Amino acid sequence: TNAVTSDCTVVATFTETGCPAGPVLDTLTLEQQIQLVYVGLLERGADRDGLTYWIDDINSGFTIEKLRDNVVRFQPEYLQGLGLLTRANLVPRFYQNLFSRTPPTDDTGLAYWLSGGGATVKIDKLVLALINGAGCTDAKTLVNKATVAAYYTNNYTTYVKAEAIEAVANVDSTDASVTAAKTYVDGLSNG
């Protein structure tokens with residue numbers, strides 16, 4: 001299960017073997033964190049210039065929270081896309097983007113984020129809350145999505161948004177999904 005603190009941070013409280021014992025973001029590299037903000041909020045991996053820009057900014061004192069805030073407040077791609085969705089429509093979309101699945105409808109999933117303890121998390125902060133509270137399988141999916149997003153970012157010749165979206169869309173917790181996604185990237189005419 002997860003708990004929500006007074007500042008709306010989701011803290012993982014599970015202790016299963018091999019599972020993160022705290023917020024998942026703390027277990028990820030900076031590049032993985034940035035890629036997952038892109039995957040969650042923009043439904044794609046980062047372009048090289050964007051990734052380099054955010055790495056430099058974060059290494060100079062910016063934070064992943066400020067990156068998230070920048071995307072949801074200023075990026076037209078988000079504002080004209082996911083930013084137009086209601087909470088009830090955004091939560092399932094985040095689950096799909098981040099975990100390649102739909103949220104359970106019980107008190108641990110959709111209901112939790114819509115009317116339970118997670119309903120106190122502001123809509124624009126949901127992406128980081130979902131990442132931080134990921135369980136074992138979802139945490140593996142996050143790492144896999146970040147891996148594939150980075151693979152696309154590092155291997156394209158010309159950035160194509162539709163290809164960046166497709167590269168991560170079907171990645172889940174399995175190694176086979178990572179292999180298939182890398183094969184897709186390798187087969188792109190611009191890669």
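Just so you know, these numbers use all the heavy atoms, side chains as well, and skip hydrogens, waters and symmetry mates. Note that this is a predicted model, so its numbers are computed, not measured.
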Colleague: List in chain and number order the residues that pass salt bridge (Lys or Arg N to Asp or Glu O under 4.0 Å) with D172, two or more places apart in sequence or in another chain; answer none if no residue qualifies.
Modeller: none
Colleague: Kindly indicate, with the supporting measurements, whether the criterion side-chain contact (heavy atoms from CB on, under 4.5 Å) is fulfilled by T52 and I55.
Modeller: CA-CA 5 Å; T52 300; I55 287 173; 5.8 Å; no
Colleague: Working to the nearest 0.5 Å, report the span between CG of D138 and OH of Y95.
Modeller: 7.0 Å
Colleague: Mind checking what makes side chain to side chain contact (heavy atoms under 4.5 Å, CB included) contact with Q32, not counting sequence neighbours?
Modeller: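 Expected list: L28, T29, V143, A146.
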Colleague: Would N97 and V168 satisfy side-chain contact (heavy atoms from CB on, under 4.5 Å), going step by step from the backbone distance to the final call?
Modeller: CA-CA 8 Å; N97 293 351; V168 297; over 6 Å; no
Colleague: State, with a plain yes or no, whether a side-chain heavy atom of V121 is found less than 4.5 Å away from one of R87.
Modeller: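 Yes, side chains in contact.
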Colleague: When rounded to the nearest 0.5 angstrom, what distance separates OG1 in T174 from CG in N144?
Modeller: 7.0 Å
Colleague: When rounded to the nearest 0.5 angstrom, what distance separates CG in L51 from OG1 in T153?
Modeller: 6.0 Å
Colleague: Not counting sequence neighbours, which residues clear side chain to side chain contact (heavy atoms under 4.5 Å, CB included) with L85? List them please.
Modeller: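 Result, side chain to side chain contact (heavy atoms under 4.5 Å, CB included) vs L85: L82, N89, L90, R93.
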Colleague: Go through it in stages, so that I can follow the logic: the residues are K182 and T147, the test is side-chain contact (heavy atoms from CB on, under 4.5 Å), and I'd like the CA-CA distance, side-chain angles, deciding distance and then a yes or no.
Modeller: CA-CA 9 Å; K182 286 181 176 181; T147 298; 4.2 Å; yes
Colleague: Between side-chain atoms of residues 66-73 and protein atoms elsewhere (two or more places apart, or another chain), which donor-acceptor pairs fall under 3.5 Å?
Modeller:
| unit_1 | atom_1 | unit_2 | atom_2 | d |
| --- | --- | --- | --- | --- |
| R68 | NE | E65 | OE1 | 3.2 |
| R68 | NE | E65 | OE2 | 3.2 |
| R68 | NH1 | D124 | O | 2.9 |
| R68 | NH1 | D124 | OD2 | 3.1 |
| R68 | NH2 | E65 | OE2 | 2.3 |
| D69 | OD2 | R73 | NH1 | 3.2 |
| N70 | OD1 | Q75 | NE2 | 2.8 |

Colleague: What closest approach, in Å, do N132 and L25 show between heavy atoms, and which atom pair accounts for it?
Modeller: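 Smallest interatomic distance, heavy atoms only, reads OD1-N, 3.0 Å.
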Colleague: What residues form a salt bridge (Lys or Arg N to Asp or Glu O under 4.0 Å) with K140, not counting sequence neighbours?
Modeller: D175
Colleague: When rounded to the nearest 0.5 angstrom, what is the spacing between OG in S177 and CG in N170?
Modeller: 8.5 Å
Colleague: Applying side chain to side chain donor-acceptor pair (under 3.5 Å), can you list everything that pairs with R48, at least two apart in sequence or on another chain?
Modeller: none
Colleague: Take E163 and Y156 through the test side-chain contact (heavy atoms from CB on, under 4.5 Å) and record every step on the way to the result.
Modeller: CA-CA 9 Å; E163 293 172 352; Y156 72 79; 5.9 Å; no
Colleague: How long is the straight-line distance from CG of L188 back to OG1 of T157, given to the nearest 0.5 Å?
Modeller: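 If I round to the nearest 0.5 Å, the distance is 9.5 Å.
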Colleague: What's the spacing between L98 CG and L142 CG if we round to 0.5 Å?
Modeller: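 That separation rounds to 6.0 Å.
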Colleague: With sequence neighbours left out, what residues match F62 under ring pair (Phe, Tyr, Trp, His ring centres under 6.0 Å)?
Modeller: W54
Colleague: The criterion is side chain to side chain contact (heavy atoms under 4.5 Å, CB included); which residues satisfy it with A164, sequence neighbours excluded?
Modeller: R44, Y152, Y159
Colleague: Hydrogens and angles aside, do S100 and K145 bring a side-chain donor and acceptor to less than 3.5 Å of each other?
Modeller: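 There is such a pair (donor and acceptor under 3.5 Å, judged by atom type) between the side chains of S100 and K145.
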Colleague: What pair of heavy atoms forms the shortest contact from R101 to P104, and how long is it?
Modeller: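 Heavy atoms of R101 and P104 come nearest at NH1-CD, 3.3 Å.
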Colleague: Compare every heavy atom of A149 with every heavy atom of V39, then report the nearest pair and how far apart it is.
Modeller: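 The pair with the smallest heavy-atom distance is CG2-CB, 4.2 Å.
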Colleague: Looking only at non-hydrogen atoms, find the nearest pair between P92 and A88 and report the distance.
Modeller: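 Nearest heavy atoms, P92 then A88: CD-O, 3.1 Å.
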Colleague: For the hydrophobic clusters of this structure (ILVMFWY residues joined by side-chain heavy atoms under 4.5 Å, transitively), does one cluster hold both L79 and I165?
Modeller: no
Colleague: Which residues pass the side chain to side chain donor-acceptor pair (under 3.5 Å) test with Y151, sequence neighbours left out?
Modeller: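 Y151 satisfies side chain to side chain donor-acceptor pair (under 3.5 Å) with D186 once adjacent residues are dropped.
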Colleague: Using the test salt bridge (Lys or Arg N to Asp or Glu O under 4.0 Å), find all partners of D26 that sit at least two apart in sequence or belong to another chain.
Modeller: none
Colleague: Run the side chain to side chain donor-acceptor pair (under 3.5 Å) test against Q33 and tell me which residues pass, sequence neighbours left out.
Modeller: none
Colleague: Identify, with sequence neighbours excluded, every residue that meets side chain to side chain contact (heavy atoms under 4.5 Å, CB included) alongside D49.
Modeller: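 For D49 the side chain to side chain contact (heavy atoms under 4.5 Å, CB included) partners, ignoring immediate neighbours, are D47.
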Colleague: Could you pull out the closest heavy-atom pair between A46 and Y38, with the gap in Å?
Modeller: CA-CD2, 3.5 Å
Colleague: So does T141 get a backbone contact from the side chain of S173, meaning a donor-acceptor N/O pair under 3.5 Å?
Modeller: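 No; zero donor-acceptor contacts below 3.5 Å.
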Colleague: What are the two closest non-hydrogen atoms of A134 and A139, and how far apart are they?
Modeller: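 Result for this residue pair: CB-N, 3.8 Å.
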